[in-house]
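Contents: one structure, followed by commentary.
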Amino acid sequence: MVNEMKVFHRYNSTIHGNYRRAYLRSGLITGALLAVYVLLRLLMGSPLESPTSYVSDAVMLVAMFLFMAFYRNSLPDKRITLKEAMLFGIGMAVVASLLYGIALWAIGLAAPQQTELFTTTATQQTNNTASLPASHPYWAAWWAIYAAVLMALLGGFGAFVAAIFLRNEKSEIKTRKQTSNKTNKQ
């Protein structure tokens, strides 16, 4: 039993900054950048054929890496653990993807050409096009949910990769001896 317990480690890590406020701010900025991209595409006369694209994916990943690096450099001693970097990255991805999904839904409802494109793209993927209406207002909501989930998953992966590259503090491993000495001293 004791040999099996050596496999599991307890890490003693310290979070150095206020990552919640930082990921909320950076997630809002990233989500706004993604919404501006969708709006610019619509204004240029080329609405989105798919809720995600290579440009929106690149914006999400690059912004995540840059904001995480900026956050790390703003910390005292510029030290960040893997846990703090992951919490920051996942929080930022969730906030940005929610804002992107809401913006995509609002733009899709406000622009008839975007809703029509969503509807025709969705009806082309199904064989039973006779039962689907020509322009259904819920298609924009489904595409927004789909886009938000995909962006959150992409952001989670990006958070993991960025956290591995940007962490610079390794947590100390607590051993059984250290934990028993602390309990004996108390």
Side-chain angles (χ1 to χ4, degrees), residues 9-44 47-48 50-111 114-115 118 137-172 174:
H9 298 288
R10 293 187 178 139
Y11 291 96
N12 183 16
S13 62
T14 304
I15 291 180
H16 300 288
N18 187 357
Y19 66 92
R20 288 183 181 102
R21 185 175 53 185
Y23 77 64
L24 183 62
R25 183 177 1 154
S26 57
L28 288 173
I29 293 170
T30 304
L33 286 173
L34 292 168
V36 166
Y37 166 69
V38 173
L39 190 58
L40 286 176
R41 288 272 314 248
L42 190 63
L43 292 175
M44 290 186 330
L48 294 175
S50 173
T52 59
S53 66
Y54 291 125
V55 174
S56 61
D57 294 347
V59 166
M60 179 71 151
L61 293 175
V62 168
M64 178 169 291
F65 191 81
L66 290 176
F67 279 119
M68 196 178 291
F70 178 73
Y71 173 70
R72 181 190 69 180
N73 290 337
S74 70
L75 292 174
D77 298 331
K78 296 180 172 74
R79 299 170 65 183
I80 191 168
T81 61
L82 181 69
K83 178 172 78 173
E84 185 177 8
M86 282 295 296
L87 289 172
F88 174 83
I90 289 173
M92 180 186 155
V94 167
V95 171
S97 65
L98 284 176
L99 187 61
Y100 176 63
I102 290 169
L104 190 63
W105 176 67
I107 291 169
L109 286 181
Q114 185 67 59
T115 304
F118 285 162
Y138 294 116
W139 285 116
W142 285 113
W143 281 89
I145 291 169
Y146 179 68
V149 168
L150 284 180
M151 282 305 219
L153 291 174
L154 176 72
F157 175 72
F160 180 69
V161 171
I164 287 177
F165 281 113
L166 292 174
R167 72 181 173 108
N168 55 4
E169 179 183 349
K170 294 186 179 179
S171 301
E172 298 174 12
K174 289 183 181 178

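Since the model is a prediction, treat every value here as computed from it, not as a measurement.
In terms of heavy atoms, Ala93 sits closest to Gly156 at CB-N, 4.1 Å. Counting all heavy atoms, side chain and backbone alike, Ala147 lies closest to Leu104 at CB-CD2, 3.6 Å. Shown here for Gly101 and Ala144, the closest heavy-atom pair between the two residues is O-CB, 3.1 Å. Pairing each heavy atom of Tyr37 with each of Ser53, the nearest pair is OH-OG, 3.2 Å. A pairwise comparison of heavy atoms in Ala163 and Ala85 identifies CB-CB, 3.5 Å as the closest pair.
Legend: residues meeting side chain to side chain contact (heavy atoms under 4.5 Å, CB included) with Phe157, ordered by chain and number and at least two apart, are Val161. Contacts of Leu154 classified as side chain to side chain contact (heavy atoms under 4.5 Å, CB included), with partners at least two apart in sequence or in another chain: Asp57, Met60, Leu61, Met151. For Ala103, the side chain to side chain contact (heavy atoms under 4.5 Å, CB included) partners at least two apart in sequence or on another chain are Ala35. Residues satisfying the side chain to side chain contact (heavy atoms under 4.5 Å, CB included) test with Leu24, not counting sequence neighbours, are Leu28, Val95.
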**Request:** Please report the C-alpha distance between Leu98 and Val94 in whole Å, then the side-chain angles of each, then the deciding distance to 0.1 Å, and finally whether the side-chain contact (heavy atoms from CB on, under 4.5 Å) criterion is met.
**Result:** CA-CA 6 Å; Leu98 284 176; Val94 167; 4.1 Å; yes

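Under the 4.5 Å side-chain criterion, counting only non-hydrogen atoms from C-beta, Phe70 is not in contact with Leu66. By the 4.5 Å heavy-atom criterion applied to side chains, Phe67 and Ile29 are counted as neighbours.
Here the CG-CG distance, from Leu87 to Leu82, works out to 9.5 Å after rounding to the nearest 0.5 Å. The line from CE of Met86 to CG of Leu166 is 12.5 Å long, rounded to the nearest 0.5 Å. Rounded to the nearest 0.5 Å, atoms CD1 (Ile80) and OG (Ser74) are 8.5 Å apart.
Considering Met92, Arg25, Glu84 in turn, Glu84 is the only one that fulfils the side chain to side chain contact (heavy atoms under 4.5 Å, CB included) rule with Tyr71.
Not a single donor-acceptor pair under 3.5 Å links the side chain of Thr30 to the backbone N or O of Gly27.
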